[in-house]
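Everything below concerns the one structure shown next.
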Protein chains: 2
Amino acid sequence: MSLTDTSKSTNCLAMSDVLNRIGDKWSVMVVGMLGRNGTLRFNELKRMINGVSQRMLTLTLRNLERDGLVNRTIYPEVPPRVEYSLTELGKTLQGPISALWDWSAENHQSIVEARATYDARETAVAAENHQRIAYARG
Amino acid sequence: MSLTDTSKSTNCLAMSDVLNRIGDKWSVMVVGMLGRNGTLRFNELKRMINGVSQRMLTLTLRNLERDGLVNRTIYPEVPPRVEYSLTELGKTLQGPISALWDWSAENHQSIVEARATYDARETAVAAENHQRIAYARG
DNA sequence: CGGCATCCTGGTGGATACTG
DNA sequence: CAGTATCCACCAGGATGCCG
């Protein structure tokens, strides 16, 4: 499926659907972590992913499992042990996600600078408009 | 910046920040559309991106502009004309996004099937538990 | 045409407490 | 340890109406 095919509406729907899952920051983080570390337990993931709540990690993992991207293995021990890893399908996602991750690392600084420039200009424009209003009022 | 560097916390923050913008489905759609069509007007984008509201398209475009990913050109005519296109930085995003788009097209079906399998199993388990409860109650 | 301002609602997700 | 359950605050985002 080449890039030129993406104008088809079916691809928009697929992209939309996929984005609803992997566009989620926690999902990307989980796939990234599992991709690099192979197999991780629940609390290991929780510690590695900064800011994720227990609830969100649980939901994220369930969704990834449901979509066939993550394996969930339960060991019937006491205390319980549950291990997560990427499925073969999940591993194929590593490529695109790595590309995104690398892009972020490379271009984050540019974005931060662009924001600063934009905000400075917006502030200046706002001040100018304020002046105009003052003039109009006499 | 290679994949092995992504365990650094700084990269997690950058990724998180970038994901907040490009993880948004509308942003991805807009970049995709502008990438393939070069320059588009507001209502052209609105027509091409199925389901986007005027408000969300406006906000999405403003954020992309603020992040230095999209150019906004106003032509002081009547009726007004505003054209949008990707900046150089925005164009570099096309690669990662295309990769994601292609992956979606290729693997969407697998995900749909995985969901169906998962849901069928969950339903079966729920039914089984229901049986157990019935037994327990006598 | 290409917005912006306002209102309003549903869902997202955090905090907390409890369980096998 | 690895969840589940419940409550609740917040805000994302749709609908609508007005404007340059």
Side-chain angles (χ1 to χ4, degrees), chain A residues 16-17 19-30 33-34 39-66 70-85 118 122 125-126 128-130 132-133 136, chain B residues 16 19-30 33-34 37 39-66 70-85 118 122 125-126 128-130 132-133 136:
Chain A
S16 205
D17 194 13
L19 273 175
N20 280 333
R21 184 72 53 231
I22 57 134
D24 169 47
K25 63 183 290 190
W26 301 133
S27 296
V28 176
M29 294 291 179
V30 167
M33 293 300 170
L34 291 179
T39 297
L40 291 170
R41 300 177 61 168
F42 184 86
N43 278 335
E44 285 178 329
L45 277 168
K46 189 167 185 315
R47 275 189 295 270
M48 295 177 73
I49 302 174
N50 212 325
V52 69
S53 65
Q54 188 182 43
R55 169 191 160 86
M56 287 317 295
L57 183 55
T58 301
L59 289 178
T60 300
L61 286 167
R62 285 297 176 284
N63 284 330
L64 289 173
E65 185 196 2
R66 185 169 103 99
V70 159
N71 289 315
R72 180 166 178 264
T73 311
I74 308 173
Y75 296 88
E77 307 169 351
V78 177
R81 181 160 58 102
V82 180
E83 288 186 348
Y84 295 91
S85 61
Y118 182 95
E122 286 306 289
V125 170
E128 190 183 339
N129 287 341
H130 188 270
R132 287 207 188 114
I133 291 169
Chain B
S16 206
L19 274 176
N20 281 334
R21 185 75 50 231
I22 57 136
D24 171 47
K25 63 183 287 191
W26 299 133
S27 296
V28 175
M29 294 289 180
V30 166
M33 293 300 171
L34 291 179
N37 297 281
T39 297
L40 291 169
R41 300 177 60 170
F42 184 87
N43 278 335
E44 285 178 329
L45 277 168
K46 188 169 186 315
R47 275 189 295 271
M48 295 177 73
I49 301 175
N50 211 325
V52 69
S53 66
Q54 185 185 46
R55 172 190 162 83
M56 286 318 294
L57 183 55
T58 301
L59 289 178
T60 299
L61 287 168
R62 284 298 174 285
N63 284 329
L64 289 174
E65 185 196 3
R66 186 169 103 99
V70 159
N71 289 315
R72 179 165 180 263
T73 312
I74 308 173
Y75 296 88
E77 308 170 351
V78 177
R81 181 160 58 101
V82 180
E83 288 185 347
Y84 295 93
S85 61
Y118 182 95
E122 286 305 289
V125 170
E128 189 182 340
N129 288 342
H130 189 271
R132 288 205 188 116
I133 292 168

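Proteins come first, then strands; the chains are lettered A, B, ... in the order of their sequence lines, and each starts at number 1. Predicted, not measured: the structure shown is a model, and the values here were computed from it.
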**Prompt:** For residues 55-62 of chain B, which residues have at least one heavy atom under 4.0 Å from DNA chain C?
**Reply:**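 Within this stretch, Arg55(B), Thr58(B), Arg62(B) sit under 4.0 Å of the strand.
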
**Asked** Heavy-atom contacts under 4.0 Å between residues 72-83 of chain A and DNA chain D, which residues?
**Response**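 By residue number: Arg72(A), Pro79(A), Pro80(A), Val82(A).
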
**Item:** Nucleotide range of DNA chain D lying under 4.0 Å from chain A heavy atoms
**Value:**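 That gives a stretch of dC1(D) to dT6(D).
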
**Message:** Could you check whether any side-chain heavy atom of Gln54(A) comes within less than 4.5 Å of a side-chain heavy atom of Leu57(A), counting everything from C-beta outward?
**Reply:**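 No, too far: nothing below the 4.5 Å cut-off.
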
**Message:** A side-chain contact here means heavy atoms from C-beta on lying under 4.5 Å apart; do Leu45(B) and Leu34(B) qualify?
**Reply:**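 Leu45(B) reaches Leu34(B) side chain to side chain.
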
**Asked** On DNA chain C, which is the earliest and which the latest nucleotide, 5' to 3', with an atom closer than 4.0 Å to a heavy atom of chain B?
**Response**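 Nucleotide range in contact with chain B: dC1(C) to dT6(C).
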
How would you list, by chain and number, every residue that makes a side-chain contact (heavy atoms from CB on, under 4.5 Å) with [X], sequence neighbours excluded?
X	answer
Arg62(B)	Tyr118(A), Thr58(B), Glu65(B), Arg72(B), Tyr84(B)
Asp17(A)	His108(B), Arg115(B)
Asn20(A)	Lys25(B)
Met48(A)	Met33(A), Asn37(A), Leu40(A)

**End-to-end axis angle, where each axis spans five pairs of the helix from dC1(C)-dG20(D) to dG20(C)-dC1(D), to 10°** =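 That helix gives 50° between its end axes.
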
**Residue list, salt bridge (charged side-chain N to carboxylate O under 4.0 Å, His left out) with Arg81(A), at least two apart or on another chain** =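 Applying salt bridge (charged side-chain N to carboxylate O under 4.0 Å, His left out) to Arg81(A) gives Glu77(A), Glu83(A).
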
**Prompt:** What are the two closest heavy atoms between Ile49(A) and Val30(A), and how far apart are they?
**Reply:**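 Distance-wise, the nearest heavy atoms are CD1-CG2, 3.6 Å.
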
**Request:** Could you list the residues that satisfy side chain to side chain donor-acceptor pair (under 3.5 Å) with Asp24(B), not counting sequence neighbours?
**Result:**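 By the side chain to side chain donor-acceptor pair (under 3.5 Å) rule, Asp24(B) matches Ser27(B).
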
